[in-house]
Amino acid sequence: MSKIVVVGSYVVDLTARTPHMPKPGETVLGGPFKMGPGGKGGNQAVAAARMGAQVTMVTKVGKDLFGDDAIQNFKNEGIDSQFINQVEDESTGAALIAVDDSGENMIVVSLGACGTITEEEVQKAEEAFQEADIILVQLETSMAAITTTINLAHKLSKPVILNPAPYQKVPDELLAKVDYITPNETEAGLLTGVEVTEVDSAKKAAEILLEKGIDTVIITLGKQGCYLVQKGEKTGKVIPGYQVQAVDTTGAGDAFNGGFAHFMAEGYSIEEACKLANAVAALSVTKSGTAPAMPYAEDVEELRGEAR
Ligand code: RIB
């Protein structure tokens, strides 16, 4: 069984459907409202666990109803929650999400407790890091948590995946210790200064990231799939995505990252892990919500069977 440590955010997602995105100053009469578990870290942990991974989650929540729910939700998913710190002095974070009729989303995330994870709180999980096959971290938490995670993984020679979402500036010395980086087009643009709109610009951005010392760059390209290139390769390749009817694209990147971490930890080739991660992402957009919309291993098998 693959063992994964995820360090990152847990927030409550407050999602409203809307016929169109409001302009600044506009109020739109929306459709149904849903509240549920979210946060990029939590979503990725659930995606990996539903693929069959043994996941340890490192995060921080408030001593409030949302925090209690968080811990219960992780337990229900079979995720080890011993390094989820529940504190009095911070509230559990929340994300305000609007999803329009085409399934596209806009998000404002207020990190609350998970934005205050300290170096010590990550260090406490060192034993779990030691036992893990792979470590997964995003940028939706404190820089202390991100830095400590990458440094600890590097010290223990554990492969680390950085999903640079949402974009924050990361020092080049830290990026040089990252094994796999998985930006979407927007994040790849912000990290490199290259506007990424299609495969050629993705190639240019990926070259810049490889020059920073990262071993493997995977730029996710929405329904087109992802662009994969590794250190020492002259050129990378597009791993095509699956065509599905999108209901809600929120959390698709998280589905990809959780799936990718699991399949890499299971020893699949990198191309196969990308293909399977594309399938996890595609299935996640066919349902509303984020963590609750993550597919299970049998759903991925079924989609792959249909595509053959
Ligand atoms: O990637 C989607 C996630 O980003 C949502 O669940 C929301 O919580 C935001 O953090």
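Every number for a ligand or one of its atoms is a count from 1 in the order of the listing.
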Visitor: Identify the residue among T116, T92, N85 that makes a side chain to side chain donor-acceptor pair (under 3.5 Å) with K60.
Guide: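 The option that passes is T116.
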
Visitor: For Y268, does the OH atom have more than 12 heavy-atom neighbours from other residues, nucleotides or ligands under 6.0 Å away?
Guide: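 Open.
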
Visitor: May I ask you to list the atoms of ligand 1 that are less than 4.0 angstrom from any heavy atom of A95?
Guide: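 Taking each heavy atom of A95 in turn, ligand 1 has 7 (C), 8 (O) under 4.0 Å.
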
Visitor: Tell me yes or no: between the side chains of E121 and T118, is some donor less than 3.5 Å from an acceptor?
Guide: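 Short answer, yes.
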
Visitor: Has ligand 1 got any nitrogen or oxygen that is less than 3.5 angstrom from a nitrogen or oxygen of T250?
Guide: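 N/O-N/O distance under 3.5 Å: no.
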
Visitor: How far is atom 4 (O) of ligand 1 from its nearest protein heavy atom, and which residue and atom name does that atom have?
Guide: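 The closest one turns out to be K40 NZ, 3.2 Å.
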
Visitor: Name the residue from L14, V108, D13 that meets the side chain to side chain contact (heavy atoms under 4.5 Å, CB included) definition with I97.
Guide: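 Of all the options given, the one that passes is D13.
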
Visitor: My understanding is that we take every heavy atom of each candidate and find the minimum distance to atom 3 (C) of ligand 1. Doing that for T15, V12, N43, I97, which one comes out nearest?
Guide: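 The nearest heavy atom belongs to N43.
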
Visitor: Suppose we measure from atom 9 (C) of ligand 1 to each protein heavy atom; which comes out shortest, and what is that distance?
Guide: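 Of the protein heavy atoms, E140 OE2, 3.5 Å lies nearest.
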
Visitor: Just going by heavy-atom distances, which of D254, D13, V11, N257 is nearest to atom 1 (O) of ligand 1?
Guide: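 Minimum heavy-atom distance to atom 1 (O) of ligand 1 goes to D254.
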
Visitor: Please confirm whether G253 approaches ligand 1 to less than 4.0 Å, judged on its heavy atoms.
Guide: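 No, that is not the case, since the closest heavy atom of the residue is not under 4.0 Å from the ligand.
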
Visitor: Please determine, by modelled atom types, if Q138 and N163 share a side-chain donor-acceptor pair under 3.5 angstrom.
Guide: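 No donor-acceptor contact under 3.5 Å links the two side chains.
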
Visitor: Is atom CZ of F129 surrounded by more than 12 heavy atoms (other residues, nucleotides or ligands) closer than 6.0 Å?
Guide: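 Result for CZ/F129: enclosed.
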
